[in-house]
Amino acid sequence: MALRLYNTMAGRKQEFVPLKPGAVSMYVCGVTVYDHCHIGHARANIVFDIVYRYLKFAGYAVTYVRNYTDVDDKIINRANERGISSKELSEEYIRAFNEDMDALGLQKPTHQPKATDYIPQIVDLVSRLIERGLAYESGGDVYFAVDKFPGYLKLSKRNMDDMLAGARIAPGEQKQNPMDFALWKTAKPGEPSWSSPWGEGRPGWHIECSAMSMDLLGPSFDIHGGGKDLVFPHHENEIAQSEGTTGKPFVKYWMHNGFVNINQEKMSKSLGNFFTIREILEKYDPEVVRFFIITAHYRSPIDFSDQNLDEAKVGLSRFYELLKAADELLARMPVPSRIPCPTIDDSEREIYDRIELLEERFIEAMDDDFNAALAIGHLFEAVRGLNRLIAERRFEQCPLSLAVLADGVKKLRRLGDVLGLFGSEPAAWLEKQKSAGLQGGELTAETIEALIAERKQARADRNFTRSDEIRDELDAKGVILLDSREGTTWKLK
RNA sequence: GGCCUCGUCGCCAAGUGGUAAGGCAACGGUCUGCAACACCGUCAUCACCAGUUCAAAUCUGGUCGAGGCCUCCA
C-alpha cells in the first residue's frame with residue numbers, strides 16, 4: 001500500500017506521489033525567534049520530525065527545510081524593550097531553539113535558513129510581483145493585491161465578502177483592498193532595514209517563506225507543513241506570492257498539525273497557561289514528551305496535562321522494561337546457530353506471526369496519513385507477545401523462541417527509531433526516571449540502598465516482620481521494592 | 001455573524017460502509033515468604049433523533065454539546 005496523506009488543499013487524504021520519483025522536497029514553517037519555544041512548537045516540530053524520519057525510512061531522498069523568521073515586529077519590539085539589537089535577540093533565541101530541539105531528539109533538517117540572509121531574493125520576488133501587476137507600492141510600503149490573484153483563499157476555503165465584513169483597516173495603511181497584505185514595509189527610525197527600490201525597509205511577514213522555500217526547493221515542491229493556525233493568513237499568502245510570481249503550482253501537499261490544549265483549554269498567552277519546552281523538560285523526560293505527542297494523531301487536538309504525561313511515562317516504561325529484560329536474557333543466552341523447536345504451540349505460533357508481521361503493520365499504519373498512534377498500538381502488541389515468551393521460559397526446549405525474541409527486539413528498536421523512540425539504553429533510561437522522581441523528596445538513592453541491604457539481611461534471617469516493615473515504610477514514601485533472582489531493585493510508584 | 005473541525009469504555013486513543021485496535025485504571029487468577037514486574041482472563045454497539053443500505057461508529061439530514069480560525073500565533 002502506498003503512502004496517503006491528508007492534504008489541506010484537497011480537504012482529504014490523497015496518495016503521495018512526489019514531483020520527482022524517489023525524492024521529497026519539504027518545507028516547514030519554523031519559528032519567529034523572539035521568545036522561548038512552547039509545547040505547541042514542540043508538537044509541530046516533533047510531528048514533522050517524524051514525517052521526515054518516516055519518509056527517509058520509506059526510501060525517499062528527503063530535502064527538509066525549516067526556517068527561522070528573524071525579522072518581524074515582535075522581534076523589534078522585544079529587542080527595544082531589552083535594549084539590545086534585533087540581531088542579538090534573534091541569535092539568542094535561535095540558540096535556545098536549537099537547544100530545545102536537540103533536547104527533544106529532533107533530527108537536523110537539511111537546511112535551516114534565516115530570513116535576513118534572503119533579503120535579495122525577497123526584494124526580487126517583490127519586484128516581480130509589481131511587474132506582474134500583483135503588487136503595488138503605497139507610501140514606501142508594498143502590498144499584495146489580493147483581488148488580482150484569482151486563487152486567493154483556495155487553501156483556507158474562505159469567502160472574500162465574508163472576510164471583508166469582519167476586516168479592519170489599520171490606521172495609516174493605504175491599501176486598495178483591506179485584505180491586501182504587506183510585502184515590504186518602510187523602516188521606522190531605529191529599525192533594522194535594508195535598501196530596496198522602494199527605499200529603506202524590511203520584509204513583511206509571509207514573503208520570507210516564499211523566498212526561502214523557492215530558493216532552496218524550487219518553484220514547486222512536495223510538502224509544506226506547519227501548525228493549523230498558519231493556514232490563514234500565512235500559507236494562503238505564501239501561495240499568492242509564490243504562484244503570483246512564478247505562475248506555477250507552489251506546493252503539492254499541505255500538511256497542518258493540530259493544537260495543544262492545556263487542561264482542556266486553549267493554550268494562549270493571555271490565559272497565562274502556556275509552558276515553554278524548557279519548563280516541561282525540567283519535569284518530564286524528553287522522550288516521554290515525544291511519546292505523549294505521538295500517541296495522538298497529528299491532526300487531532302491534544303490535551304497537555306500532568307495525568308496524560310504521567311500515563312505516557314508509564315507506557316514508554318513498558319517498552320523499556322521489555323527491552324531491558326530482553327537484553328539481559330539475550331546476554332545470558334545467545335541465540336544458537338541451529339534453532340530447532342520440536343513442538344510449537346498455538347500461542348507461540350501466534351507470537352511468531354505477530355513479530356513476523358510487525359513491520360508490515362507498522363508501515364501500513366504510517367502509510368495512512370502518519371497514523372503513529374495506531375503504529376504504537378502494534379508495537380504494544382509486540383511487547384506483550386515478547387513478554388509472554390520471556391514469562392514462559394521455554395527457551396531451553398525451544399531456541400526458536402529465543403531467535404524470535406532477538407528479532408522482535410531488533411524490530412522494535414528499528415521501528416521505534418522511525419518515531420524517535422527507544423534509542424536510550426534501557427537500564428540507564430529506567431534508572432534516570434527513578435532518580436528524577438526522587439528530586440525534591442526526602443529520600444535519596446543511598447538511603448534506599450541502605451534499607452535494601454538491611455532488608456536483605458532480615459530476609460536471610462527469615463525475619464519477615466522487619467522485612468515487611470521496610471517494604472511498607474518505603475511504600476509509604478512512594479518507593480516500591482522489586483525482588484528478583486538477581487537481587488532487589490526499586491522503583492517509584 | 002462567516003468558515004471549519006470534533007463528540008468512540010472511568011481516563012487516553014485507533015477505527016470513514018462489513019459487524020468496535022492498543023495503553024492506563026479496575027476486578028479475578030498464575031507467579032511471589034509478602035509484594036512488584038510479567039503473563040492469563042473480565043470490562044463499550046460508538047452524544048441524541050430520523051433516513052439511505054443486505055449491512056453504519058463509519059454515508060445523508062436534523063438536534064444537543066465542545067473546540068478552532070476569521071487579529072500575532074505551532
Side-chain angles (χ1 to χ4, degrees), chain A residues 8 11-13 28-32 34-35 37-48 72-74 77 153 156-159 161-168 170 179 205 225-234 256-261 264-269 274 291-292 295-297 299-303 305 307-308 310-319 321-322 324-325 347 361 365 368 371-393 459 462-465 467-468 471-472 475 480-484 488-491 493:
Chain A
T8 307
R12 60 184 172 80
K13 290 181 199 171
V28 172
C29 287
V31 284
T32 299
Y34 73 105
D35 203 348
C37 287
H38 52 63
I39 180 67
H41 297 109
R43 182 180 194 190
N45 283 285
I46 287 171
V47 162
F48 289 104
D72 172 85
D73 289 349
K74 292 188 293 290
N77 293 339
L153 303 180
S156 54
K157 296 163 185 63
R158 291 159 198 271
N159 174 290
D161 295 333
D162 293 336
M163 297 287 291
L164 285 171
R168 54 152 210 204
M179 296 290 292
W205 183 44
K228 241 184 150 105
D229 49 346
L230 295 180
V231 174
F232 185 88
H234 187 56
H256 294 97
N257 65 275
F259 288 118
V260 177
N261 295 328
Q264 324 228 30
E265 273 185 313
K266 174 186 158 70
M267 179 172 70
S268 82
K269 301 209 170 180
F274 72 97
F291 188 81
F292 161 69
T295 45
H297 188 90
R299 283 188 284 117
S300 307
I302 191 169
D303 191 46
S305 68
Q307 189 193 334
N308 290 346
D310 288 338
E311 274 191 17
K313 181 174 167 178
V314 173
L316 182 57
S317 299
R318 193 167 153 78
F319 283 98
E321 294 279 4
L322 165 73
K324 177 166 176 262
S347 85
R361 293 201 170 131
D368 185 13
N371 194 337
L374 179 60
I376 287 177
H378 295 317
L379 299 185
F380 268 117
E381 286 180 341
V383 168
R384 179 145 41 86
L386 296 175
N387 270 327
R388 184 161 164 177
L389 291 182
I390 293 175
E392 283 174 357
R393 298 180 176 281
R459 291 175 79 205
R462 304 201 65 77
N463 180 357
F464 293 122
T465 313
S467 167
D468 286 349
R471 177 187 287 288
D472 293 343
D475 186 79
I480 297 166
L481 295 181
L482 316 170
D483 294 332
S484 75
T488 301
T489 56
W490 57 275
K491 67 170 219 171
K493 261 186 198 170

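This structure is a prediction, so every number in the text was calculated from the model and none was measured. Every chain is numbered from 1, with letters handed out A, B, ... down the list of sequences.
Proximity of A:S156 to A:L153: side-chain heavy atoms (C-beta onward) are separated by under 4.5 Å at one or more points.
Scanning both residues, A:F292 and A:A312, for their nearest heavy atoms gives CB-CB, 3.7 Å. Shown here for A:S347 and A:R388, the closest heavy-atom pair between the two residues is CB-NH2, 2.9 Å. The two residues A:A373 and A:T295 come nearest to each other via the heavy atoms CB-O, 3.3 Å. Shown here for A:H256 and A:K228, the closest heavy-atom pair between the two residues is CB-CA, 3.9 Å.
Using a 4.0 Å heavy-atom cutoff across all strands shown, A:F259 reaches at least one base atom of the nucleic acid. Contact annotation for A:V28: no contact, since no heavy-atom pair falls under 4.0 Å across all strands. Residue A:N371 is in sugar-phosphate contact alone, with no base atom involved, counting any heavy-atom pair closer than 4.0 Å across all strands shown. A:G30 comes within contact range of the sugar-phosphate backbone alone, with a heavy-atom separation under 4.0 Å but no base atom that close.
Phosphate proximity of B:rA74 to A:N257: absent, as no side-chain N or O sits under 4.0 Å from OP1 or OP2. The side chain of A:N387 contributes no N or O atom lying less than 4.0 Å from OP1 or OP2 of B:rC37. In this structure, A:R388 does not reach the B:rA38 phosphate: none of its side-chain N or O atoms is under 4.0 Å from OP1 or OP2.
For the pair A:N261 CG and B:rC12 P, the computed distance is 12 Å after rounding to whole Å. When the C1' atom of B:rG67 is taken as reference, atom CZ of A:R299 falls 16 Å away, rounded to whole Å. Atom pair A:D229:CG and B:rC4:P shows a separation of 19 Å (rounding to whole Å applied). One atom, CD1 of A:I302, and another, P of B:rA66, lie 22 Å apart when rounded to the nearest Å.
Rounded to whole Å, the P atom of B:rC64 lies 15 Å from the corresponding atom of B:rC49.
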Output one line per pair: protein atom, nucleotide atom from nucleotides 19-28 of chain B, and distance, for all N/O pairs under 3.5 Å.
| from | atom 1 | to | atom 2 | distance (Å) |
| --- | --- | --- | --- | --- |
| B:rA21 | O2' | A:E381 | OE2 | 3.1 |
| B:rG23 | OP1 | A:R384 | NE | 3.4 |
| B:rG23 | N2 | A:E311 | OE1 | 3.0 |

Give every pair of a protein N or O atom and an N or O atom of nucleotides 31-33 of chain B that lie under 3.5 Å apart, one pair per line with the distance.
| from | atom 1 | to | atom 2 | distance (Å) |
| --- | --- | --- | --- | --- |
| B:rG33 | N7 | A:R459 | NH2 | 3.4 |
| B:rG33 | O6 | A:R455 | NH2 | 3.1 |
| B:rG33 | O6 | A:R459 | NE | 3.1 |
| B:rG33 | O6 | A:S467 | OG | 3.1 |
| B:rG33 | N1 | A:D468 | OD1 | 2.9 |
| B:rG33 | N2 | A:D468 | OD1 | 2.6 |
| B:rG33 | N2 | A:D468 | OD2 | 2.5 |

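For A:N371 (side chain) and A:L374 (main-chain N/O), a donor-acceptor pair under 3.5 Å exists by modelled atom type. In this structure a side-chain-to-backbone donor-acceptor pair under 3.5 Å is present from A:N308 to A:D303.
Nucleotide B:rG1 forms a Watson-Crick or G-U wobble pair with B:rC70, both donor-acceptor distances falling under 3.5 Å. Under the Watson-Crick or G-U wobble criterion, with both distances below 3.5 Å, B:rC34 is left unpaired in every strand shown.
Salt-bridge formation is detected for the pair A:D368/A:K13: a Lys NZ or Arg NE/NH1/NH2 atom is positioned less than 4.0 Å from an Asp or Glu carboxylate oxygen.
Partners of A:F319 by ring pair (Phe, Tyr, Trp, His ring centres under 6.0 Å), not counting sequence neighbours, listed by chain and number: A:F380, A:F422.
Nearest-nucleotide mapping onto RNA chain B: of A:A391 and A:N308, the residue sitting toward the 5' end is A:N308.
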